[in-house]
Protein chains: 2
Amino acid sequence: MNFLTRNKQIILYGLALAVIIILVRWLEISYILADDSVDIYIGVIALLFTGLGVWLAIKLRKPKVETVIVEKEILLTPPVVFVLNENEVKRLNLSRRELEVLQWMAAGLSNQEIADKLFVSLNTIKTHTAQLFEKMEVKRRTQAVDLGKKLGLIP
Amino acid sequence: MNFLTRNKQIILYGLALAVIIILVRWLEISYILADDSVDIYIGVIALLFTGLGVWLAIKLRKPKVETVIVEKEILLTPPVVFVLNENEVKRLNLSRRELEVLQWMAAGLSNQEIADKLFVSLNTIKTHTAQLFEKMEVKRRTQAVDLGKKLGLIP
DNA sequence: TGCAAAATCACCCGAAAGTATGACCGCTGA
DNA sequence: TCAGCGGTCATACTTTCGGGTGATTTTGCA
């Protein structure tokens with residue numbers, strides 16, 4: 001069954017060949033074709049079988065080449081490399097120490113913990129935070145952290 | 001000039017046809033071909049021109065389609081659309097209210113402001129935050145916000 | 001080298017945040 | 001039906017935060 005389907009073109013071609021040969025033979029026997037008309041005869045046969053060949057080639061040649069589109073998903077991870085928004089730092093006139101305090105604040109440290117980490121007194125950190133809030137125009141450390149992230153001051 | 005190049009195949013085919021017809025005519029004249037051998041003669045011609053047809057078809061038929069592999073880079077932008085990390089919510093056993101409070105906390109609201117926004121008392125918010133901190137194992141709202149962002153609980 | 005800005009520290013006070021505990025209500029699943 | 005949970009609220013207390021003010025030292029730069 002599969003054989004028939006797969007070789008349908010070839011079988012059809014063979015049958016067509018047979019039919020044409022039979023036809024030609026019959027014409028010949030019937031004396032319809034004179035000896036003189038051999039040229040035309042050959043021409044017709046040639047054209048016929050050329051057409052057949054073309055058809056065969058087109059049919060048999062598989063559509064084959066498929067366009068393969070490979071969709072490659074590439075996950076970009078922008079947060080991996082944090083770049084400080086220098087412009088905002090300048091605009092807000094934030095000092096280095098204030099920015100540092102802001103970063104630790106964002107990490108969830110208390111003023112005391114920041115003080116310990118930076119080896120300064122609690123009061124110093126308080127001063128820094130107070131200045132920071134004033135410059136950033138916020139009232140709470142949570143607001144400062146939120147705004148800081150939005151402005152690209154902290155990762 | 002261009003005409004010649006573009007129709008080279010067709011011209012070649014025509015010429016081949018002419019040559020073969022001349023050849024056949026010559027054979028006929030030379031009495032090499034007897035009347036009896038017409039079948040074989042036709043068969044040969046048929047095969048010949050079928051081959052020609054196939055060759056023609058293959059040659060003429062387009063500079064076959066090339067395999068095109070397109071690597072499509074799809075940018076995934078995670079920050080654009082925030083999806084809540086349900087797994088973490090379940091793991092930490094956070095209630096809806098607690099998550100809500102966390103979100104407002106992350107926006108920089110004070111407990112009193114959150115209370116006003118949710119139309120509940122300050123004490124209620126305090127209870128929620130206390131429970132939240134216990135479940136998240138943190139001690140401060142800033143820590144909760146930081147961890148919440150890392151775990152995908154808040155945008 | 002001098003000066004402004006930055007960094008440091010201190011004290012006080014009120015506000016906000018966080019801790020601990022107890023209580024009430026409504027819903028739900030065993 | 002009853003235990004458990006989520007949500008609500010309250011009181012009392014401690015800790016931390018933030019505002020205000022003032023002062024000294026350090027540092028970067030013109």
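Letters A, B, ... mirror the listed sequences (proteins, then strands); counts begin at 1.
- Between B/Thr124 and D/dG7 there is no side-chain polar atom (N or O) within less than 4.0 angstrom of OP1 or OP2.
- B/Leu94 places its CG atom 15 Å from the C1' atom of D/dG7, with the value rounded to the nearest Å.
- In this structure a side-chain-to-backbone donor-acceptor pair under 3.5 Å is missing from A/Asn111 to A/Ile125.
- Counting to the nearest Å, the P atom of D/dG20 and the CD atom of A/Glu134 are 8 Å from each other.
- Atom-to-atom, CD of A/Glu100 to P of C/dT8 comes out at 8 Å; the value is rounded to the nearest Å.
- Distance, B/Leu118 CG to D/dC9 C1': 15 Å, rounded to whole Å.
- An OP1 or OP2 oxygen of D/dC9 is reached within less than 4.0 angstrom by no side-chain nitrogen or oxygen of B/Asn123.
- In this structure, the side chain of A/Gln143 engages the main chain of A/Lys139 through a donor-acceptor pair within 3.5 Å.
- Between the CE atom of A/Met136 and the CG atom of A/Leu102 there is a distance of 5.5 Å, given to the nearest 0.5 Å.
- Both B/Val120 and A/Val138 sit near DNA chain D, but only B/Val120 has its closest nucleotide nearer the 5' end.
- Considering all non-hydrogen atoms of both residues, A/Val145 and A/Ala106 come closest at CG2-CA, 3.6 Å.
- OP1 or OP2 of C/dA6 sits under 4.0 Å from a side-chain N or O of A/Asn93.
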Under-3.5 Å N/O pairs linking protein and nucleotides 24-27 of chain D:
none

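- The NZ atom of A/Lys139 sits 12 Å away from the C1' atom of D/dG20 (whole-angstrom rounding).
- The residue A/Lys126 sits close to a base: some heavy atom pair falls under 4.0 Å.
- When heavy atoms are screened at a 4.0 angstrom cut-off, A/Thr127 is found touching base atoms of the nucleic acid.
- Across A/Met105 and A/Ile114, no two heavy atoms sit closer than the pair N-CD1, 3.9 Å.
- For C/dA16, neither phosphate oxygen OP1 nor OP2 lies less than 4.0 angstrom from any side-chain nitrogen or oxygen of B/Asn111.
- We find that CZ of B/Phe119 is positioned 17 Å from C1' of D/dC9, with the value rounded to whole Å.
- The minimum heavy-atom distance linking A/Ile154 with A/Lys149 is given by the pair CG1-N, 3.6 Å.
- We find that CG of B/Leu132 is positioned 14 Å from C1' of C/dA17, with the value rounded to whole Å.
- Taking for each of A/Arg96 and B/Arg140 the nucleotide of DNA chain D with the nearest heavy atom, the 5'-most of the two is the partner of B/Arg140.
- Between A/Trp104 and A/Leu118, the shortest heavy-atom contact is NE1-CD2, 4.0 Å.
- Side-chain nitrogen and oxygen atoms of A/His128 include at least one within less than 4.0 Å of the OP1 or OP2 phosphate oxygen of C/dT8.
- Scanning all heavy atoms of the two residues, the minimum distance from B/His128 to B/Glu98 falls at O-CG, 4.1 Å.
- Contact annotation: A/Arg141 reaches the phosphate of D/dC17 (side-chain N/O to OP1 or OP2, under 4.0 Å).
- Going from atom CD of A/Glu113 over to atom C1' of D/dC17 covers 14 Å, rounded to whole Å.
- Of the side-chain N and O atoms in A/Arg97, one or more sit less than 4.0 angstrom from OP1 or OP2 of C/dT8.
- Distances shown here put a side-chain N or O of B/Ser95 below 4.0 Å from the OP1 or OP2 atom of D/dG7.
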